[in-house]
Amino acid sequence: MKGTMKVAVMNGVGKMGYTERPIPQPKDDEVLVKLEYVGICGSDLHFYEAGAIGDHVVEPPFVLGHEPGGTVVEVGKDVKHLKVGDRVALEPGKTCGHCEFCKSGRYNLCPDVIFFATPPVDGVFQEYVAHEADLCFKLPDNVSTLEGALIEPLAVGFHAANQGGAELGQTAVVMGAGCIGLVSMMALKAKGVSQVYVVDIMPKRLEKAMELGATGVINGAEQDVVREIMELTEGKGCDLVIETAGNEITMQQAIKGAKKGGTVVFVGYSIKDNASVPMNLALDKELTFKTIFRYRNIYPMAIEAVASGKVDLRNIVTDIFSFDDIQNAMDQSVENKANIVKAVVKIAD
């Protein structure tokens, strides 16, 4: 396909704009996707507010966005499993395929990954993208491209649930009811965890957690979180805690609220690199600590969970912004976190 496309670019901290770029030409093993929806992730907001995350520093003009769904409009000559018109969810990280991590199936740990919207690699707040076909997953007829854009965060939730050994009969608590907390809760429910409670300090997020299937919620601003967990579990604590808030307080609560022999999965990144946690208590309880980095081999599972009705992705979205309204979309997502649980940019119909 020839021509140019509209691209939203970050021109500096808190500053969005637009430019025109050539429509990318797909390589033999790639497909060209017309993007329809792209989710706004917490990392997008962090780059937008601070201009960097750790060693990843934005060099304007930079393209944000790594949660895409769209429709295939052109196919490279070596691609056999996709055709023009297929609707797809795009896994945003291309790995080397040769390192020890790729060869062992833990490709999310590849040191040479090229990941959308992780500087210096541009993201996909744009009209088209050429992407490796093996990283484009066809959506069933009953899964929309809006839901396709949300498969990426859902994959994080399923990876967290898998790392925690989630199974039928367990009681779990999710710390944080942002997007990742909510998809983690839904992943736990989809995997058969019997009771899943959610902790947050924002009422609207707790309401959304109940709407999406949480067993119950705890308002950390008004209630003693650990005491509530113990009351709900008859003093035993919970089998599994997934910590998505990245907050020192919730990290401490996760350890205190876990059952002896239980598992805590740390998902959320903290503002500061070091956190003070009650390690002696963790030792006394013989807890298992797990961490996650993105996901691996999850997209087919996540898509099937949505297609089968086990996960209600559509209703996690609270706000949809027009592509022409990208400045407001980013500003509102930063300034109105108490009410915007998950925002998505609609790139095209």
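Scope of the values below: all heavy atoms of this structure, side chains included, with no hydrogens, waters or symmetry mates. Residue numbers run from 1 in the order of the sequence given.
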- Who are the side-chain hydrogen bond (donor to acceptor under 3.5 Å, both in side chains) partners of Thr4, not counting sequence neighbours? Glu20
- Ignoring hydrogens and angles, tell me if any N or O in the side chain of Tyr128 forms a donor-acceptor pair with the backbone of Pro22 under 3.5 Å. no
- Query: Rounded to the nearest 0.5 Å, how far does CD1 of Ile340 lie from CG of Leu45?
  - Reply: 9.0 Å
- Task: Using a strict 4.0 Å threshold on nitrogen-to-oxygen distance, state whether Asp349 and Lys346 make a salt bridge.
- Result: yes
- With sequence neighbours left out, which residue pairs that include part of residues 266-290 fulfil the salt bridge (charged side-chain N to carboxylate O under 4.0 Å, His left out) condition? Glu248-Lys272
Side-chain donor/acceptor pairs under 3.5 Å, residues 169-177, sequence neighbours excluded:
residue : atom : partner : partner atom : Å
Gln170  : OE1  : Glu167  : N            : 2.9

- Can you pull the side chain to side chain donor-acceptor pair (under 3.5 Å) pairs that have at least one residue in residues 220-235, sequence neighbours excluded? none
- Could Lys191 and Phe158 be counted as a cation-pi pair, given that NZ or CZ must be under 6.0 Å from the ring centre and within 45° of the axis? no
- Just by distance, with hydrogens left out, do Thr250 and Gln253 show a side-chain donor and acceptor under 3.5 Å apart? no
- Backbone N or O of Met1 within a donor-acceptor pair of the Glu74 side chain at under 3.5 Å? yes
- Item | CG on Leu188 to OG1 on Thr215, rounded to 0.5 Å | 10.0 Å
- Go through the steps for Lys208 and Asp200 under the test salt bridge (charged side-chain N to carboxylate O under 4.0 Å, His left out), then give the verdict. CA-CA 11 Å; Lys208 179 62 72 172; Asp200 205 291; over 6 Å; no
- Any donor-acceptor N/O pair, Asn297 side chain to Gly105 backbone, under 3.5 Å: yes
- Between Asp324 and Lys6, is there a side-chain N and carboxylate O pair less than 4.0 Å apart? yes
- Query: Would you find a donor on one side and an acceptor on the other, under 3.5 Å apart, between the side chain of His159 and the backbone of Leu154?
  - Reply: no
- Item | Set of residues satisfying side-chain hydrogen bond (donor to acceptor under 3.5 Å, both in side chains) with respect to Ser276, sequence neighbours excluded | none
- Scan for salt bridge (charged side-chain N to carboxylate O under 4.0 Å, His left out) pairs involving residues 330-343, sequence neighbours excluded, and state none if there are none. Glu49-Lys337, Glu67-Lys342
